[in-house]
Amino acid sequence: MSDNTDNFRDRVYTVVAQIPKGHVMTYGDIAALCGSAYASRQVGQIAHFGPPDLPWQRVVNRHGGLASAYSFGGLDGHKAALEEDGVKITEDYRVESFDRLRWRPL
DNA sequence: TGAGTGACTGTAA
DNA sequence: CTTACAGCCACTC
């Protein structure tokens, strides 16, 4: 289970770790970069069990909103974390100008 | 090997 | 606008 480093999971870690500050990505985008555009669900599960070293706070859903069961202290903590990165959050806990901050690897 | 699960997404009503 | 249903993939037991 840990022998393979070419796993989808490892790729997710790399992608999330490469998200620049002030930008965000969707689960679908990350999954697509990992090779599977429909593995968005898996990305979320990996994130929950993944290392807290990575900026999961920059990972949001297609709505540009925060995840449901976030563990950084709830939506409140997630919102604060994104603001620390320079990302503005609306009252609906959605990333403002999400479409504009959405990062894409060149 | 097989079945279950999930921090999702897209379309439909 | 919100709510509901179905589909897809990778990981764990």
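Bear in mind that the values here come from a model prediction, so they are computed numbers and not experimental data. These numbers come from the heavy atoms of this one structure, side chains and all, not from hydrogens, waters or symmetry mates. Labels below follow one simple rule: chain letters A, B, ... track the order of the sequence lines, proteins then strands, and each chain is numbered from 1.
One finds the CG atom of A:Leu54 at 10.0 Å from the CD atom of A:Gln18 (value rounded to the nearest 0.5 Å). The distance from the CD atom of A:Glu84 to the NZ atom of A:Lys79 is 11.5 Å, given to the nearest 0.5 Å. Going from atom CG of A:Asp29 over to atom CD1 of A:Ile19 covers 9.5 Å, rounded to the nearest 0.5 Å.
The distance from atom NE2 of A:His63 to atom C1' of C:dC1 is 10 Å, rounded to the nearest whole Å. Taking atom CZ of residue A:Phe49 and atom P of nucleotide C:dT12, one finds them 9 Å apart after rounding to whole Å. The distance from atom OH of A:Tyr38 to atom C1' of C:dG7 is 9 Å, rounded to the nearest whole Å. For A:Asp10 and C:dC11, the CG to P distance is 10 Å, given to the nearest whole Å. Spacing between atom CG of A:Leu33 and atom C1' of C:dC9 amounts to 15 Å, rounded to whole angstrom units. As a whole-Å value, the separation of A:Tyr27 OH from B:dG10 P is 14 Å. Nucleotide B:dT9 holds its P atom 12 Å from the CE atom of A:Met25, rounded to whole Å. Atom CD1 of A:Ile46 and atom P of C:dA10 are 10 Å apart (whole Å).
Distance from the side chain of A:Ala39 is smallest for C:dC9 among the nucleotides B:dT9, C:dC9, C:dC11. In this structure, of B:dG6, B:dA7, B:dT9, it is B:dA7 that holds the atom nearest to the side chain of A:Trp56. Between B:dT9, C:dC9, B:dG6, one nucleotide has an atom nearer to the side chain of A:Thr26 than all others, and that is B:dT9.
At the phosphate of C:dC8, neither OP1 nor OP2 sits under 4.0 Å from any side-chain N or O atom of A:Ser40. The side chain of A:Arg9 places an N or O atom within less than 4.0 Å of a non-bridging phosphate oxygen (OP1 or OP2) of C:dT12.
Partners of A:Arg94 under the side-chain contact (heavy atoms from CB on, under 4.5 Å) rule, at least two apart in sequence or in another chain, are A:Thr90, A:Asp92.
Each of A:Gln42 and A:Arg62 lies near DNA chain B, and the nucleotide nearest A:Gln42 is the one positioned closer to the 5' end.
Side-chain contact between A:Val87 and A:Glu83: absent, with no pair of heavy atoms (C-beta onward) separated by less than 4.5 Å.
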